[in-house]
Number of protein chains: 2
Amino acid sequence: MIRLLLADDQHLIRGAIASLLNLEPDLEVVAQVGRGDEVAAAVAEHRPDVVVLDIEMPGADGLSVAESLPGQAVVILTSFGRPGYLRRAMAAGVRGFVPKDAPVEQLAAAVRKVHTGGRYLDPELAASAMMAGECPLTERERDALGLAARGASVSEIAVSLRLTEGTVRNYLSNAIMKLGASNRISAIRAAQEMGWI
Amino acid sequence: MIRLLLADDQHLIRGAIASLLNLEPDLEVVAQVGRGDEVAAAVAEHRPDVVVLDIEMPGADGLSVAESLPGQAVVILTSFGRPGYLRRAMAAGVRGFVPKDAPVEQLAAAVRKVHTGGRYLDPELAASAMMAGECPLTERERDALGLAARGASVSEIAVSLRLTEGTVRNYLSNAIMKLGASNRISAIRAAQEMGWI
DNA sequence: CTGGGCTTATGACAAATGTCATCGGGTGCG
DNA sequence: CGCACCCGATGACATTTGTCATAAGCCCAG
């Protein structure tokens with residue numbers, strides 16, 4: 001019997017997936033969590049074999065949570081196959097990555113594989129990640145673009161990152177160029193689409 | 001027995017919700033659709049009593065689909081309680097509106113209520129919609145901001161909307177002011193957060 | 001050691017964004 | 001009728017964005 005902890009902020013979704021997984025004879029959902037920042041405590045309490053994490057959750061995103069659970073067998077569930085997410089998850093030691101587009105049988109298979117120490121990576125996600133390659137932005141470019149995505153002006157970004165405005169403008173300009181965008185907004189969209197920010 | 005059609009682009013989610021609904025003795029999911037633009041044909045084919053629609057789908061969003069099914073009993077499922085979505089759904093004659101945060105019992109209750117001609121509106125959604133009031137933007141302001149959200153420059157927006165650049169700048173400036181934003185990006189975020197665009 | 005990449009910065013300037021005042025036309029409401 | 005609102009426009013101009021060339025320091029790999 002593989003014991004699972006399931007974390008997803010949407011009650012309906014979480015409940016539905018848990019019910020489906022519980023129908024599998026060798027799987028049992030022993031805990032459900034609705035916020036990323038509550039996962040660690042629940043893991044400590046319930047000692048699940050595998051943790052299934054949604055990425056977008058209040059309190060902490062699934063990728064950050066995975067990073068905070070080293071050694072824990074984790075499967076990431078994602079709405080979008082963003083290469084940046086996949087790369088970050090793998091860097092965090094995540095061995096399972098399943099899109100919400102997949103049937104539940106695939107999620108169950110991923111859980112079993114990860115539980116026995118293997119890897120489960122959706123073939124389409126793998127392909128798109130290979131094609132996407134590395135994030136073309138430097139750390140600082142990403143920092144600046146991430147803040148811009150929240151509506152911050154150059155001067156606000158400069159204050160936040162402790163840089164001069166000229167440097168921030170350079171970073172944003174570089175990001176726009178590297179992402180093949182024509183302005184800040186389209187650069188932000190492109191980067192978010194790929195999961196770089 | 002209430003016959004349902006369920007439309008959600010994410011296979012795992014759709015399958016899980018369908019399974020849960022099928023556990024209810026008086027509900028039966030007779031069709032599942034993954035794209036907004038395929039709903040109408042499926043409705044014509046399966047003649048469901050109630051259509052349960054996710055909002056964000058490829059091919060056509062759930063709100064547009066609802067608008068194209070006048071007289072059909074519809075329940076909208078949404079990840080976010082955006083007042084703009086709620087208002088638009090109601091204007092389209094939708095009588096059920098359930099957040100994905102809700103337990104499945106609530107979705108089943110909404111389906112039953114809508115099926116018998118009643119309304120089902122999540123209390124929290126109702127409250128937030130009342131507080132949010134009407135969308136403060138005019139139609140044209142929303143048009144312009146919507147295109148800006150896709151990275152279009154003023155000149156591109158002007159061409160698309162067949163306006164002069166000055167007029168587009170005025171619309172965007174008005175939108176920024178009305179949304180209490182400081183620039184285009186934050187205005188876009190605010191409007192998207194509320195479901196105005 | 002050299003070259004490349006990252007980081008940070010300066011400065012000049014073109015282009016785009018955003019503001020504001022104003023005008024005119026049309027519509028609906030008190 | 002007058003007013004408010006929406007729509008579309010003009011024009012002037014301040015501010016911000018974006019580009020580009022350049023420079024220096026640091027680190028790492030060949």
Side-chain angles (χ1 to χ4, degrees), chain A residues 83-84 87-88 91 132-194 196-197, chain B residues 83-84 87-88 91 132-194 196-197:
Chain A
R87 288 180 177 277
R88 190 166 153 212
E134 296 272 338
C135 173
L137 308 180
T138 67
E139 190 67 42
R140 295 305 261 170
E141 286 163 358
R142 286 203 298 114
D143 289 343
L145 195 62
L147 289 174
R150 302 206 207 136
S153 64
V154 164
S155 57
E156 289 167 338
I157 297 172
V159 169
S160 284
L161 301 183
R162 295 186 167 77
L163 302 172
T164 66
E165 297 184 9
T167 300
V168 172
R169 273 193 261 120
N170 276 333
Y171 285 151
L172 292 178
S173 183
N174 284 340
I176 289 169
M177 176 207 48
K178 288 177 179 178
L179 295 168
S182 50
N183 58 41
R184 203 175 294 186
I185 297 174
S186 50
I188 288 164
R189 282 172 60 101
Q192 287 180 334
E193 186 62 36
M194 300 301 282
W196 307 138
I197 61 170
Chain B
R87 288 180 179 278
R88 190 165 151 212
E134 296 271 339
C135 173
L137 308 180
T138 66
E139 190 69 40
R140 297 303 263 172
E141 286 162 0
R142 285 203 299 112
D143 290 342
L145 194 62
L147 289 175
R150 303 206 204 136
S153 63
V154 163
S155 57
E156 288 168 338
I157 296 172
V159 169
S160 286
L161 300 183
R162 294 184 167 78
L163 302 172
T164 64
E165 296 184 10
T167 300
V168 171
R169 274 194 259 117
N170 275 333
Y171 285 150
L172 291 177
S173 183
N174 284 340
I176 290 169
M177 176 207 49
K178 288 177 179 177
L179 295 167
S182 51
N183 58 43
R184 204 176 293 185
I185 298 176
S186 51
I188 288 164
R189 282 174 60 100
Q192 288 179 334
E193 185 61 37
M194 300 301 284
W196 307 139
I197 61 171

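Residue numbers start from 1 in every chain, and the chains themselves are labelled A, B, ... in the order their sequence lines are given, proteins ahead of strands.
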In whole Å, I'd like the distance from the CG atom of B:Leu172 to the P atom of D:dT17. 15 Å
Could you work out which one of C:dT8, D:dA9, D:dT19 sits closest to the side chain of A:Leu163? C:dT8
I'd like to know if the side chain of B:Asp143 and the backbone of B:Gly146 have a donor-acceptor N/O pair within less than 3.5 Å. no
Please examine the side chains of A:Arg140 and A:Asn170, heavy atoms only from C-beta on, and report whether any two atoms are closer than 4.5 Å. no
Using whole Å, report how far CD of A:Glu165 lies from P of D:dT16. 8 Å
Separation of atom CZ in A:Arg169 from atom C1' in C:dA12, rounded to whole Å: 11 Å
Smallest heavy-atom separation, A:Ala187 atom then A:Leu145 atom, equals O-CD2, 3.9 Å
Take the protein atom CD1 of B:Ile176 and the nucleotide atom P of C:dC20, then report the distance between them rounded to whole Å. 11 Å
Whole angstroms only, please: what is the CD-P distance between B:Glu156 and C:dA15? 16 Å
Base, sugar-phosphate, or nothing: which does B:Thr138 touch, judged by heavy atoms less than 4.0 Å apart? sugar-phosphate
Between B:Arg150 and A:Arg189 (side chain of the first, backbone of the second, donor and acceptor by atom type, cut-off under 3.5 Å), is there such a pair? no
Base of D:dT10 paired with side chain of B:Asn170 (donor-acceptor, under 3.5 Å): yes
Distance check: side-chain N/O of B:Arg140 vs OP1/OP2 of D:dC6, anything under 4.0 Å? no
With DNA chain C as reference, determine whether A:Pro136 or B:Gly166 sits nearer its 5' end, using the nearest nucleotide of each. A:Pro136
Mind checking if B:Thr164 touches a base, just sugar-phosphate, or nothing, with heavy atoms under 4.0 Å? sugar-phosphate
Decide yes or no, distance alone: a donor-acceptor N/O pair under 3.5 angstrom between the base of D:dT17 and the side-chain of B:Asn183. no
A:Arg184 has its side chain closest, among D:dT17, D:dA9, C:dG18, to D:dT17
Please report, rounded to the nearest Å, how far the C1' atom of D:dG8 is from the CZ atom of B:Arg142. 18 Å
If you compare all heavy atoms of A:Ile157 against all heavy atoms of A:Ala144, which two are closest, and at what distance to 0.1 Å? CD1-O, 3.6 Å
In this structure, how many angstroms lie between the C1' atom of D:dC7 and the CZ atom of B:Arg162, rounded? 17 Å
Interatomic distance where CG belongs to A:Asn174 and P belongs to C:dG5 [whole Å]: 13 Å
Can you see if the side chain of A:Thr167 gets near the phosphate of C:dT8 - specifically, an N or O under 4.0 Å from OP1 or OP2? no
Phosphate OP1/OP2 of D:dC7 contacted by B:Tyr171 side-chain N/O (<4.0 Å): no
